[in-house]
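Remember, predicted model here, so these are calculated numbers, not experimental data. Quick note: numbers below take in every heavy atom, side chains included, and nothing from hydrogens, waters or symmetry partners. For the single chain, residues carry numbers from 1 onward in sequence order. Whatever order the structure lists them in is the order used to number ligands and atoms, beginning at 1.
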Amino acid sequence: MPIAPRDRLIVALDVSSVEAAQALVARLGDAVAFYKIGYQLAFSSGGLDYAQTLAGSGKNVFLDLKLHDIGNTVALGVKSVARLGVTFLTVHAYPQTMQAAVEAREGALRILAVTVLTSYDDSDLGAAGYNVSVPALAALRAAQARDLGIDGLVCSAEEAARLRSVVGAKLALVTPGIRPAGASSGDQKRIMTPAAAIAAGADYLVVGRPIIAAADPRAAAEAIAAEMAQQTAKET
Ligand code: C5P
């Protein structure tokens with residue numbers, strides 16, 4: 001079943017306290033159904049309890065923890081995360097890590113893999129001991145993710161079309177780096193508008209500052225959802 005455009009918008013709760021997150025979620029109301037919680041909020045006081053509460057209140061929660069450890073430790077962590085009732089959890093796309101996460105996943109939890117961090121270029125990979133280009137490593141890891149039964153990938157919208165050809169239709173592609181036309185790019189180097197990201201094959205868009213730093217966050221979220229809906233309607 002196709003995902004409703006509004007459910008394809010994931011707002012990054014990049015704030016430093018549970019109180020700030022609660023205020024933002026209250027302001028966004030029913031305009032937003034999906035939230036991403038990263039290190040900053042998850043590891044602030046009460047952050048993980050808040051993730052559980054938010055999931056229990058009927059919102060979808062994406063816990064962006066980018067796990068990577070020995071398989072046994074990853075599996076135990078994934079089981080604990082599944083009990084929070086969240087929808088998405090990220091792991092780094094190393095075969096052992098992905099396999100452990102997929103095997104330990106329970107209930108509604110879906111595992112997303114991060115192929116290569118978007119802040120890495122070929123020279124960063126070289127410094128880390130890899131003799132391979134970023135696109136080649138991303139494609140290799142995407143194919144491994146597909147073969148291991150990972151549920152989706154986090155990637156830039158620019159990579160979406162190429163990775164879609166590797167993983168097929170079943171995996172969800174989740175793309176940050178989204179900027180509505182005219183919005184400030186902040187520190188994002190490779191940005192796309194919501195419509196362009198949907199056209200490139202993204203299933204979910206992660207949007208932080210263009211919504212959370214807007215004078216009217218709800219209006220900003222609604223405008224982005226409307227742009228996504230318009231593009232989806234064009235394609236069907
Ligand atoms: O504020 P902005 O829209 O740039 O926020 C994007 C969110 O997506 C942030 O939470 C950021 O950490 C996350 N992200 C990203 N680029 C990646 C992976 C995650 O911007 N490659």
What are the atom names and distances for all N or O pairs under 3.5 Å between ligand 1 and the protein?
from     : atom 1 : to   : atom 2 : distance (Å)
ligand 1 : 1 (O)  : R209 : N      : 2.7
ligand 1 : 1 (O)  : R209 : NE     : 2.7
ligand 1 : 3 (O)  : R179 : NH1    : 2.9
ligand 1 : 3 (O)  : G208 : N      : 2.8
ligand 1 : 4 (O)  : R179 : NH2    : 2.8
ligand 1 : 4 (O)  : Q188 : NE2    : 2.9
ligand 1 : 4 (O)  : R209 : NH2    : 2.8
ligand 1 : 10 (O) : D14  : OD1    : 3.3
ligand 1 : 10 (O) : D14  : OD2    : 2.7
ligand 1 : 10 (O) : K36  : NZ     : 2.9
ligand 1 : 20 (O) : Q188 : NE2    : 2.7
ligand 1 : 21 (N) : T118 : OG1    : 2.6

Task: Flag for Q231-E227: side-chain donor and acceptor within less than 3.5 Å - done: no
Open item on the list: List the residues meeting ring pair (Phe, Tyr, Trp, His ring centres under 6.0 Å) with F43, not counting sequence neighbours, and say none if there are none.
Closed with: Y39
TODO: Answer yes or no: is there a donor N or O on one side and an acceptor on the other, between the side chain of R179 and the main chain of I191, under 3.5 Å?
DONE: no
Open item on the list: Looking at T115, is its backbone amide N or carbonyl O close enough to the side chain of R141 to form a donor-acceptor pair, meaning the two atoms are under 3.5 Å apart?
Closed with: yes
TODO: Could you note down all residue pairs passing salt bridge (Lys or Arg N to Asp or Glu O under 4.0 Å) where residues 199-209 supplies at least one of them, sequence neighbours left out?
DONE: R164-D203, D187-R209
Open item on the list: According to ring pair (Phe, Tyr, Trp, His ring centres under 6.0 Å), who are the partners of Y130, at least two apart in sequence or on a separate chain?
Closed with: none
